[in-house]
There are 2 protein chains.
Amino acid sequence: MTITTPRKRADARRNQEALLDAAAAAFVSSGVDVPVREIAAKAGVGVGTIYRHFPTRADLIVAVYHHQIEACAEAGPALLAESGSPHAALGRWIDLFVDFLVTKHGLAEAFRSDSSSFETLHAHFLDRLVPVCAELLDAAVAAGEIRPGTAALELMHGVGNLCIGARSETYDPRRLVALLIAGLRNPPDRPAAARV
Amino acid sequence: MTITTPRKRADARRNQEALLDAAAAAFVSSGVDVPVREIAAKAGVGVGTIYRHFPTRADLIVAVYHHQIEACAEAGPALLAESGSPHAALGRWIDLFVDFLVTKHGLAEAFRSDSSSFETLHAHFLDRLVPVCAELLDAAVAAGEIRPGTAALELMHGVGNLCIGARSETYDPRRLVALLIAGLRNPPDRPAAARV
DNA sequence: GGCATAAACGGAACATTGTTCCGTATAGTC
DNA sequence: GACTATACGGAACAATGTTCCGTTTATGCC
């Protein structure tokens with residue numbers, strides 16, 4: 001990102017920073033659905049400025065959580081290397097993903113949304129996380145721990161959906177996610193060389 | 001529930017009928033999130049009339065799908081009686097529930113919503129369907145087919161969540177729901193401690 | 001420093017949708 | 001036919017996303 005020819009104006013860069021900070025704070029206090037006006041006010045800019053820097057809400061979300069998404073993506077291979085079994089690594093990685101989703105009000109809802117405003121979010125998750133999930137799935141299949149035939153995208157879609165509505169005292173997605181992962185396991189009647 | 005003393009005015013009953021018909025049609029063509037004005041226009045009434053008859057959107061949804069919800073509830077005991085095993089009955093009943101949800105655009109989304117407007121929907125599902133699910137779960141636990149510890153409400157919440165975003169060509173909740181149900185199984189030859 | 005210009009800004013204005021409210025119309029009754 | 005409780009209609013208000021354009025300003029050049 002060198003400072004080449006088309007350098008942005010200083011105020012533009014300053015406002016973009018302010019917007020990211022304001023959005024991060026607003027997301028924490030009011031969820032990722034926080035009204036645009038509120039973010040603009042917190043950042044001390046007009047709404048037009050938000051739309052100029054981040055054409056869709058998804059762009060803003062992706063920018064705010066970029067680091068955390070990267071960290072999650074990079075944790076995949078690490079877990080695979082250090083965990084006893086691919087299936088255990090998959091389970092732990094999914095836990096990371098679930099933690100990421102449930103600690104951000106409304107992110108799971110946004111992730112599943114098929115509204116066009118969230119295309120960027122979908123695309124980014126697809127680019128960074130689905131391949132990681134696929135790697136873990138493949139390893140577990142190769143080790144004979146789980147049955148083949150489940151696509152990474154499908155699994156992540158399901159996990160994302162299960163995380164919707166977390167935060168309500170009466171619903172903890174982690175148990176259900178664990179059931180889902182357990183459901184992947186090879187049935188014991190099938191002779192498989194896998195023994196944990 | 002007969003038409004006793006406080007009989008409603010004829011035009012009121014007529015409008016309620018018209019609203020139910022219009023809403024049913026609108027739900028099919030535009031999902032249960034269809035704008036209120038659209039339903040009112042289709043029924044040939046003003047929006048005020050909708051709110052008078054159905055204070056919240058959930059009331060309208062419940063009224064429109066009342067028969068189907070009843071049918072689903074009544075199918076539970078029947079399946080339990082005729083199926084080979086409680087777990088099979090549970091699986092088939094969940095399939096019915098999934099079918100019900102995915103054939104109504106947006107119903108799964110509404111079901112999971114914790115917005116106060118949907119309290120009636122929640123309440124009705126809780127009253128009619130959760131006990132049925134609990135009965136099936138208990139029977140399967142008693143038969144030793146699944147592990148105990150999963151609440152009916154939790155399971156239905158999860159299944160409902162998995163059904164969000166169906167209709168998109170690329171996502172079929174049935175496979176994931178099947179995984180979830182499979183995850184409940186209590187493998188007879190594997191001690192519970194082997195779980196990850 | 002002063003100036004020209006392209007870049008960026010701000011927020012009014014418009015669009016969509018839910019919800020309320022009250023003046024008006026009318027079904028049922030005597 | 002008149003009276004009244006009931007019901008109706010739709011204007012009006014509120015919340016929110018999105019666009020648009022007149023105004024401001026940072027930057028490069030003299």
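Please read these numbers as outputs of a predicted model, since none were measured by experiment. Chain A is the first sequence line, chain B the second, and so forth, proteins listed ahead of strands; every chain is numbered from 1.
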Determine whether any donor atom in the side chain of B:Arg52 lies under 3.5 Å from an acceptor atom in the base of D:dA7, or the reverse, and answer yes or no. no

Assess whether one donor atom and one acceptor atom, taken from the side chain of B:Arg7 and the base of C:dG28, lie less than 3.5 Å apart. no

Options [options], nucleotide nearest the side-chain atoms of [X]:
{"X": "A:Thr49", "options": "C:dC9, D:dA5, D:dT27", "value": "C:dC9"}
{"X": "B:Val45", "options": "D:dT18, D:dG9, D:dT16", "value": "D:dG9"}
{"X": "A:His53", "options": "C:dC9, C:dG18, D:dA7", "value": "C:dC9"}
{"X": "B:Ser117", "options": "D:dA7, C:dT19, D:dG17", "value": "C:dT19"}
{"X": "B:Tyr51", "options": "C:dG18, C:dC9, D:dT18", "value": "C:dG18"}
{"X": "B:Arg37", "options": "C:dG18, C:dA8, D:dA11", "value": "C:dG18"}

5'-most by nearest nucleotide on DNA chain C - B:Ala10 or B:Val34: B:Val34

Find which nucleotide of DNA chain D each of A:Gly48 and A:Glu38 is nearest to by heavy atoms, and output the residue with the more 5' nucleotide. A:Glu38

Expressed in angstrom and rounded to an integer, what is the separation of [X] atom [atom1] from [N] atom [atom2]?
{"X": "A:Asp33", "N": "D:dT16", "atom1": "CG", "atom2": "P", "answer": "11 Å"}
{"X": "B:Ile50", "N": "D:dA7", "atom1": "CD1", "atom2": "P", "answer": "16 Å"}
{"X": "A:Arg13", "N": "C:dC9", "atom1": "CZ", "atom2": "C1'", "answer": "16 Å"}
{"X": "A:Gln16", "N": "C:dA7", "atom1": "CD", "atom2": "C1'", "answer": "14 Å"}
{"X": "B:Asp11", "N": "C:dT24", "atom1": "CG", "atom2": "C1'", "answer": "14 Å"}
{"X": "B:Asn15", "N": "D:dG10", "atom1": "CG", "atom2": "P", "answer": "12 Å"}
{"X": "B:Leu60", "N": "C:dT19", "atom1": "CG", "atom2": "C1'", "answer": "15 Å"}
{"X": "A:Lys42", "N": "C:dG10", "atom1": "NZ", "atom2": "P", "answer": "18 Å"}

Any side-chain donor paired with an acceptor under 3.5 Å for B:Thr103 and B:Arg167? no

Across the strands shown, which category fits B:Arg57 at heavy-atom distances under 4.0 angstrom: base, sugar-phosphate, nothing? sugar-phosphate

Quick check: is B:Leu162 connected to B:Leu136 through a chain of hydrophobic side chains (ILVMFWY, heavy atoms under 4.5 Å apart)? yes

Salt bridge B:Glu109-B:Lys104, side-chain N to carboxylate O under 4.0 Å: no

Salt bridge check: are A:Asp33 and A:Arg57 linked by an N-O gap of less than 4.0 Å? no

Within a strict 4.5 Å, meaning less than it, do heavy atoms of the A:Phe100 and A:Ile69 side chains meet? yes

